[in-house]
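The next block holds one structure in the form of structure tokens; read it before the comments.
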Amino acid sequence: MVTRLVIGFDPQLYNFIHFGKLSRLLVISSVPFLLSKTKMQADRDEGEITSQQCVPPSSSVLVVIMGVAGAGKSTIGRMLSEVVNGEFLDADDFHPPSNKEKMHNGIPLSDEDRLPWLQLLRHALLERSTSGKSVILACSALQEQYREILRSADPNYQLGSFSCRVKFVLLDVSPDMVAARLAARAAQGNHFMSPLLLQSQLDLLRICDAEGVFKVNAALSPRAIVKEIEDWLGRIASHD
Ligand SMILES: Nc1ncnc2c1ncn2[C@@H]1O[C@H](COP(=O)(O)OP(=O)(O)OP(=O)(O)O)[C@@H](O)[C@H]1O
Ligand SMILES: O=C(O)[C@H](O)[C@@H](O)[C@H](O)[C@H](O)CO
């Protein structure tokens, strides 16, 4: 499969992705991002930015806790952020009201709905990526194309390489278990997401092995899940 990156400029900072059958055309047209990337590259070439300024301390991590609605992303992400003394971001807080309304009414989001949201999330990661503080983002990130946008928050990331500061952890959950969790949550009436969307979420979830996504059994207790993620982060840190 061929991946091509086309960089386009758009005065409204509008972003667009088109997925073809045999090739993927990924258009990322975020002017500030490109300008800052170009400037950063130029500054680095001129020796104005030292490697220490570009690369935060190795102890800081950028982790996306991913999976279908109800898998436990917010629960686990919040707990993990406390353990690593990092900042927790919930992708649900970045959705515009129109996206939440759609999901509440049982209408799956389209790529056009998701793209500006993913770009906001990329920007949020990018902004924090040099702070030296760990960031834990809870985000469905169901498709490789969506994860590639989040990976591009790492200014050094090369699309398709999957070698990136932004790491992904999948909360792997059976359809039955997640349906039960969503039903229980809906019964409490304190979440906008309609349980009717579960099948569309399961249908969208695709991960290729080459991506190096760490999969955790989401049926474990939250504490055990967080421990598994911590251990994995320790292992990959020792290889970096
Ligand atoms: N490991 C777990 N064991 C048992 N219950 C869990 C576990 N993780 C989460 N839950 C429960 O499952 C429900 C869904 O969890 P949570 O809201 O964290 O999922 P989510 O993936 O963030 O969902 P969404 O994407 O829809 O916001 C909650 O009621 C939560 O308490
Ligand atoms: O890509 C998506 O379809 C969305 O991110 C959803 O997954 C929801 O935001 C979330 O799960 C709310 O419950």
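For ligands, and for the atoms within them, numbers begin at 1 and follow the listed sequence. Residue numbers start at 1 and run along the sequence shown. Computed from a prediction, not measured in an experiment: that's the story for all the values here.
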Item to complete: Would you mind telling me if ligand 2 is within reach of the side chain of Asn99, the backbone, both or neither, using heavy atoms under 4.0 Å?
Response: neither
Worksheet item: Of the backbone atoms (N, CA, C, O) and the side-chain heavy atoms from C-beta on, which set of Phe192 has a member under 4.0 Å from an atom of ligand 2: side chain, backbone, both, or neither?
Response: side chain
Discussion item. Can you tell me if Glu230 has over 12 outside heavy atoms packed within less than 6.0 Å of its CD?
Written reply: yes
What protein heavy atom lies closest to [atom]? Include the residue and the distance to one decimal.
| atom | answer |
| --- | --- |
| atom 26 (O) of ligand 1 | Arg185 NH2, 2.7 Å |
| atom 7 (O) of ligand 2 | Gln201 OE1, 3.0 Å |
| atom 4 (C) of ligand 2 | Ser140 OG, 3.6 Å |
| atom 10 (C) of ligand 2 | Asp92 OD1, 3.4 Å |
| atom 8 (C) of ligand 2 | Met103 SD, 3.5 Å |
| atom 25 (O) of ligand 1 | Lys73 NZ, 2.7 Å |
| atom 1 (O) of ligand 2 | Arg114 NE, 2.7 Å |
| atom 19 (O) of ligand 1 | Gly72 N, 3.1 Å |

Fill in: side chain to side chain contact (heavy atoms under 4.5 Å, CB included) assessment of Glu228 paired with Phe214
CA-CA 10 Å; Glu228 285 215 7; Phe214 182 59; 4.2 Å; yes
Worksheet entry | Atoms of ligand 2 close to Ala69 [distance to a heavy atom under 4.0 angstrom, numbered from 1] | 11 (O), 13 (O)
Worksheet item: Can you list the atoms of ligand 2 that are under 4.0 Å from a heavy atom of Met193?
Response: 12 (C), 13 (O)
Minimum heavy-atom distance between [X] and [Y], given as atom pair plus value:
| X | Y | value |
| --- | --- | --- |
| Ala71 | Val178 | N-CG2, 3.8 Å |
| Gln143 | Arg206 | NE2-CG, 3.9 Å |
| Val173 | Ala218 | CB-CB, 3.9 Å |

Are [X] and ligand 1 in contact, using a heavy-atom cut-off of under 4.0 Å?
| X | value |
| --- | --- |
| Leu171 | no |
| Pro222 | yes |
| Leu182 | no |
| Ala218 | yes |
| Ala71 | yes |
| His191 | yes |
| Gly70 | yes |

Quick check: does any side chain N or O of [X] sit under 3.5 Å from a backbone N or O of [Y], one acting as donor and the other as acceptor?
| X | Y | result |
| --- | --- | --- |
| Glu148 | Gly160 | yes |
| Glu82 | Met79 | no |
| Lys73 | Gly67 | yes |
| Asn99 | Asp113 | yes |

Discussion item. I want to know if ligand 2 touches Trp117 in the polar sense, i.e. an N/O pair below 3.5 angstrom.
Written reply: no
Discussion item. Under 4.0 Å from a heavy atom of Val68: which atoms of ligand 1 are those, numbered in the order shown and with their elements?
Written reply: 21 (O)
Worksheet item: Does the N or O separation between Ser221 and ligand 1 drop below 3.5 Å for any pair?
Response: no
Worksheet entry | Contact (N/O only, under 3.5 Å) between Leu220 and ligand 1 | yes
Worksheet item: Which word best sums up how the rings of Phe192 and His95 line up, parallel for under 30°, tilted for 30 to 60°, or perpendicular for over 60°?
Response: perpendicular
Practice prompt. Consider only side-chain N and O atoms of Gln119 and Arg122, and report whether a donor and an acceptor are under 3.5 Å apart.
Written response: yes
Practice prompt. Give a yes-or-no answer on whether the side chains of Asp203 and Ser200 include a donor-acceptor pair shorter than 3.5 Å.
Written response: no
Worksheet item: Can you tell which of Val216, Leu198, Thr75 gets a heavy atom nearest to atom 9 (C) of ligand 1?
Response: Thr75
Worksheet, complete the sentence: Of Met103, Met79, Arg181, the residue with the heavy atom nearest atom 7 (C) of ligand 1 is Arg181
Worksheet item: Is the closest basic N to carboxylate O distance between Asp231 and Lys227 below 4.0 Å?
Response: yes
Worksheet item: Side-chain contact, heavy-atom cut-off 4.5 Å: Trp117 with Leu115?
Response: no
Worksheet item: Under a 4.5 Å cut-off applied to non-hydrogen side-chain atoms, are Asp172 and Asn217 in contact?
Response: no
